[in-house]
Amino acid sequence: MIDLRELRDDPERVRASQQARGEDPGVVDVVLSADERYRAALAGFESARAEQKAFGKKVAQAQGEQKQALLAEVKDLAARVKALEAEAGQAEQERESALRRIGNVVKDGVPVGGEDDYVVLEEVGTPRDFAAEGFAPRDHLELGELHHAIDTARGAKVSGARFYYLMGLGARLEHALMAFAQHVAQEEGFVPVVPPTLVRPEAMAGAGFLDAHADEVYRLEADDLYLTGTSEVALAGLHADEILDLSAGSLRYAATSTCYRREAGSYGKDTRGIFRVHQFTKTEMFVYCRVEDAEAEHANLLRVERRILDALELPYRVIDVAAGDLGGPAARKYDCEAWIPTQGAYRELTSTSNCTTYQARRLGTRERDPNGSGTRTVATLNGTALTSTRPIIALLENHQQADGSVVVPEALQPYLGGSKVLRPPHA
RNA sequence: GGAGGCGUCGCCUAGUCUGGUCUAUGGCGCCCGCCUGCUAAGCGGGUUUGGGGUUUAGAGCCCCAUCGAGGGUUCAAAUCCCUCCGCCUCCGCCA
């Protein structure tokens, strides 16, 4: 949720942001008119209420007949107070629901437009030329089956499409990647976390996952709980309704958890293998900081993500995601996309968003205002350290050899029992 | 799953039975000031959060809400009733 005060002070900026996102700038005016009605009604309610309270004191002191007379007199005042309160409440609700429909105000410099209007900030490494090496690369599923590492057929038998078993090497790779990601995150000062993956509606809504992409989320009807698609949700909720002390610096967490996504509306997209699945594992970084530190923290998250991808020796590029593809809570987002040889394309592996005060405002996460009295909303940011499935794809495909074996990047070797090369069982 | 108890402005706590004098008591902690070789003690003041109004803005001042959350009863609710959430104790069950 954006700051109502900022919207009142500079509605044009919010309209421009909505425009850049390709969303309706008219909501801004819906908020403004509801806000005006709210304030008018509130003033009426408050003065009536003050009158009623003063009356209450007189009633308390009065006796007998005099008291009865006062009671008769104040009765319709009570009714008026009730009506005015309801009126203010309704206007407030209209204001809030319109306000919630507005995405975070995008940062200056964010590319305008939709999914394809990203700007490439940097390309790192060079994709291998398999033709020059004299063999055609196998895709990740072929390699996974060769190594008895990935079983999508049995995943479908047991759970349905987009489920899979990781076995043997596949399972070891997932564990290795998560352990590596946690080690790096801890070295970088992130507190390791094992979060809940079932959360209440307030946590899900607070993190911003029930707005545009509500149908992406698994819901447990019987218990009114949601399965989280990322530990960002639990980490954002961690400090809900708290006043944080950030005087010693930002709070940085790294949580590893299973993630669940319905992938609704992606039928026919990335159906082969484990590129787009309903369940995977992810180590997610999350930062609480002062607003003025948010951009530096964002740069830091990107740096850590790049450190990890560099260590995995994958060719990748960094893109500045366009406004229309940001998602509601983010004011800016960088994606790191790894080269997938058999797709001949860069695909998203990790992603980091600066949500400024958008999530924290809704979740009630504040700090003492260092510039004066009172409290103010903190900023939150998130970034993927690593997931399980897509990095496995990227590693298998990019580091494969003609005989189907896979070279292990040095940084990952300690997590795989020191193996330098992974060989298929019967090769 | 069953039975019972509890939730008050950082922490502890009075108030709830018997609705109005609660503008929520007191202590601790913290902040400011006074006093003082230094420190401590002592003395005085301040110390929930959100919103509205006033204001160029801030400070200040005025007002409203806030006693776990939401509803209800009432002229009036921390106090009575209902629902929900959380914590604790006991019983049952169970990795």
Side-chain angles (χ1 to χ4, degrees), chain A residues 1-11 31-100 194-206 219-226 233-234 237-248 251 258 357-378:
Chain A
M1 189 165 60
I2 64 165
D3 187 354
L4 176 63
R5 246 168 256 226
E6 273 172 38
L7 182 147
R8 288 208 280 239
D9 291 347
D10 193 356
V31 172
L32 287 173
S33 85
D35 184 45
E36 249 168 71
R37 273 182 293 129
Y38 164 72
R39 288 198 279 176
L42 187 68
F45 158 70
E46 285 187 350
S47 66
R49 177 72 176 147
E51 200 182 330
Q52 185 188 34
K53 282 173 72 170
F55 236 103
K57 280 184 189 152
K58 274 197 270 178
V59 172
Q61 282 159 10
Q63 295 293 328
E65 253 178 60
Q66 199 188 0
K67 189 164 189 165
Q68 293 312 310
L70 284 170
L71 287 184
E73 198 182 335
V74 81
K75 265 209 162 121
D76 63 291
L77 177 60
R80 210 166 79 233
V81 167
K82 212 167 198 178
L84 285 165
E85 186 175 23
E87 196 184 324
Q90 205 199 333
E92 186 180 24
Q93 211 170 359
E94 280 169 37
R95 184 185 75 181
E96 293 305 297
S97 80
L99 196 60
R100 277 167 199 280
V194 177
T197 53
L198 283 168
V199 301
R200 300 191 168 184
E202 306 90 82
M204 210 59 175
R219 172 153 184 253
L220 301 191
E221 181 85 34
D223 300 282
D224 200 19
L225 289 169
Y226 292 93
V233 178
L238 178 65
H239 291 304
D241 299 316
E242 291 182 24
I243 295 173
L244 302 179
D245 180 4
L246 298 176
S247 60
L251 301 181
T258 306
T357 57
Y358 194 89
Q359 287 178 327
R361 179 165 298 104
R362 200 152 34 176
L363 289 160
T365 306
R366 295 164 296 158
E367 65 168 331
R368 302 273 164 214
D369 193 334
N371 306 313
S373 57
T375 63
R376 61 172 195 172
T377 305
V378 305

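Just so you know, these numbers come straight off a predicted model, no measurement behind them. By convention in this document, chain letters (A, B, ...) are assigned in the order of the sequence lines, proteins followed by strands, and residues within each chain are numbered from 1.
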Query raised in the report: Does a nitrogen or oxygen in the side chain of A:Arg5 sit under 4.0 Å from OP1 or OP2 of B:G51?
Result: yes
Query raised in the report: Taking OP1 and OP2 of B:G86, is either one under 4.0 Å from a side-chain nitrogen or oxygen of A:Arg200?
Result: yes
**Report entry** Between B:C61 and B:C6 - P atom distance, rounded Å
**Finding:** 40 Å
Requested in this report: Could you tell me whether the phosphate oxygens of B:A65, OP1 or OP2, come under 4.0 Å of any side-chain nitrogen or oxygen in A:Lys53?
Outcome: yes
Requested in this report: Give a yes/no answer on whether the side chain of A:Arg361 brings an N or O atom under 4.0 Å of OP1 or OP2 in B:G50.
Outcome: no
Query raised in the report: When you check the phosphate oxygens OP1 and OP2 of B:U73, does a side-chain N or O of A:Lys82 lie under 4.0 Å from one of them?
Result: yes
Query raised in the report: Taking OP1 and OP2 of B:C63, is either one under 4.0 Å from a side-chain nitrogen or oxygen of A:Arg49?
Result: no
Requested in this report: Determine whether any donor atom in the side chain of A:Glu46 lies under 3.5 Å from an acceptor atom in the base of B:G51, or the reverse, and answer yes or no.
Outcome: yes
Query raised in the report: Separation of A:Glu85 atom CD from B:A77 atom P, in whole Å?
Result: 10 Å
Query raised in the report: Between atom NZ in A:Lys57 and atom P in B:A76, what is the gap in whole Å?
Result: 16 Å
Query raised in the report: Among B:C64, B:A76, B:G52, which is the nearest nucleotide to the side chain of A:Ala78?
Result: B:A76
Query raised in the report: Is any side-chain nitrogen or oxygen of A:Gln52 closer than 4.0 Å to OP1 or OP2 of B:C75?
Result: no
Query raised in the report: OP1, OP2 of B:C30 versus side-chain N and O of A:Arg368: anything below 4.0 Å?
Result: no
Report summary line: Comparing nearest nucleotides in RNA chain B, the 5'-proximal residue of the pair A:Arg39, A:Phe55 is A:Phe55
